[in-house]
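Residue numbers run from 1 in the order of the sequence given. As the structure is a computational prediction, the values presented were derived from the model and not from experiment.
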Amino acid sequence: EDYTSVDEVDCLLPYVRASAGLNIMAADPTRARYYELGPVGSAMTQPEFGTMTSRANLSYSDIYQLPDTYPDRIAEYSKPRRDNIVKFFSDDPSTNDDFKARSYLNKEIVADGEDADGSATFLNNMMGIDSWTAYQTVTKPDQRKIWWRIPTVGPWQEIDLSKHFTPTN
């Protein structure tokens, strides 16, 4: 199906279930949001930092009933990465933009075998976790741009999607 706004997607995705956890982002020129889909239900997120929103590996909706004491070092450090993201972008929301987001995502969460404060990316098998940040995405819906990178492969790539959309105004 084709949808032209987040409002239209809001009518569908909250009722969809997935056999495994899945985060889907939808965006239009006015806002972006994530939909957390899973076998027990689905939830819509709301922007946390003005019009910005973010996600790490885990879903955060109460429908998943994850305990507050959920261990930090499981699911690819999702909880501390998410906490770091929220803190960083909440400090001064007036300065939040795509460049600040990409600069932040370049910082590694573990440096010299120790947890680094306030970062969100890891690039190697650290502390027994056989995983790494596979890819990162920053979007600017009002300009229909995406920045995407595979941290272990190369730098950020800008993708201009405007040629794939028909102007609506």
Side-chain angles (χ1 to χ4, degrees), residues 9 13 16 18-28 31-39 42-45 47-61 64 66 69-93 95-165:
V9 179
L13 285 182
V16 173
S19 59
L22 180 64
N23 288 333
I24 297 176
M25 188 187 76
D28 63 25
R31 67 176 182 231
R33 89 160 84 238
Y34 279 92
Y35 303 85
E36 299 175 345
L37 310 179
S42 300
M44 295 184 298
T45 66
E48 299 102 342
F49 329 106
T51 59
M52 292 179 70
T53 189
S54 67
R55 279 296 172 270
N57 293 55
L58 288 179
S59 296
Y60 295 92
S61 171
Y64 299 104
L66 297 176
T69 57
Y70 203 64
D72 283 351
R73 290 194 171 112
I74 62 172
E76 291 78 19
Y77 276 66
S78 286
K79 187 178 184 311
R81 287 192 299 145
R82 174 81 174 125
D83 292 347
N84 290 344
I85 289 168
V86 170
K87 182 181 181 317
F88 182 80
F89 287 102
S90 296
D91 283 345
D92 186 2
T95 64
N96 292 344
D97 63 12
D98 59 272
F99 179 78
K100 181 178 173 181
R102 286 179 280 134
S103 297
Y104 174 76
L105 291 172
N106 286 336
K107 299 191 304 182
E108 291 186 60
I109 197 165
V110 172
D112 300 322
E114 299 290 326
D115 289 0
D117 186 37
S119 55
T121 302
F122 59 95
L123 301 180
N124 55 35
N125 182 0
M126 59 183 198
M127 299 183 178
I129 297 175
D130 189 20
S131 192
W132 56 88
T133 301
Y135 69 91
Q136 297 170 312
T137 306
V138 173
T139 62
K140 195 162 188 179
D142 63 332
Q143 294 182 10
R144 293 186 169 102
K145 288 188 179 180
I146 295 174
W147 288 266
W148 196 75
R149 106 178 159 132
I150 301 172
T152 56
V153 174
W156 288 98
Q157 302 297 311
E158 181 179 329
I159 304 164
D160 185 350
L161 299 174
S162 60
K163 65 184 176 186
H164 302 289
F165 290 86

J.: List the steps and the verdict of side-chain contact (heavy atoms from CB on, under 4.5 Å) for Lys145 and Asp98.
T.: CA-CA 10 Å; Lys145 288 188 179 180; Asp98 59 272; over 6 Å; no
J.: Of the non-hydrogen atoms in Leu105 and Gln136, which two are nearest, and what is the gap between them?
T.: O-NE2, 3.1 Å
J.: Measuring from Asp92:CG to Lys100:NZ, what's the distance to the nearest 0.5 Å?
T.: 5.5 Å
J.: Restricting to non-hydrogen atoms, name the atom on Asp160 and the atom on Gln143 that form the minimum distance, rounded to 0.1 Å.
T.: OD1-O, 4.2 Å
J.: Using every non-hydrogen atom in the two residues, find where Ser19 and Pro39 come nearest and quote the distance to one decimal.
T.: O-CG, 4.0 Å
J.: Go through it in stages, so that I can follow the logic: the residues are Val9 and Arg33, the test is side-chain contact (heavy atoms from CB on, under 4.5 Å), and I'd like the CA-CA distance, side-chain angles, deciding distance and then a yes or no.
T.: CA-CA 10 Å; Val9 179; Arg33 89 160 84 238; over 6 Å; no
J.: For the residue pair Tyr104 and Phe88, categorise the inter-ring angle as parallel (less than 30°), tilted (30 to 60°) or perpendicular (more than 60°).
T.: parallel
J.: Can you name the closest pair of heavy atoms from Ser42 and Gly38 and give their distance?
T.: OG-N, 4.3 Å
J.: Can you name the nearest heavy-atom pair linking Leu37 to Leu13, along with the distance?
T.: CD2-O, 3.5 Å
J.: Which pair of heavy atoms, one from Phe89 and one from Ala101, lies closest together, and at what distance?
T.: CZ-CA, 3.6 Å
J.: Evaluate the side-chain contact (heavy atoms from CB on, under 4.5 Å) criterion for residues Glu158 and Trp156: first the C-alpha distance (whole Å), next the side-chain angles of each, then the deciding distance (0.1 Å), finally the verdict.
T.: CA-CA 7 Å; Glu158 181 179 329; Trp156 288 98; over 6 Å; no
J.: Quick one: pull up OG1 in Thr137 and CZ in Arg149 and give me the separation to the nearest 0.5 Å.
T.: 11.0 Å
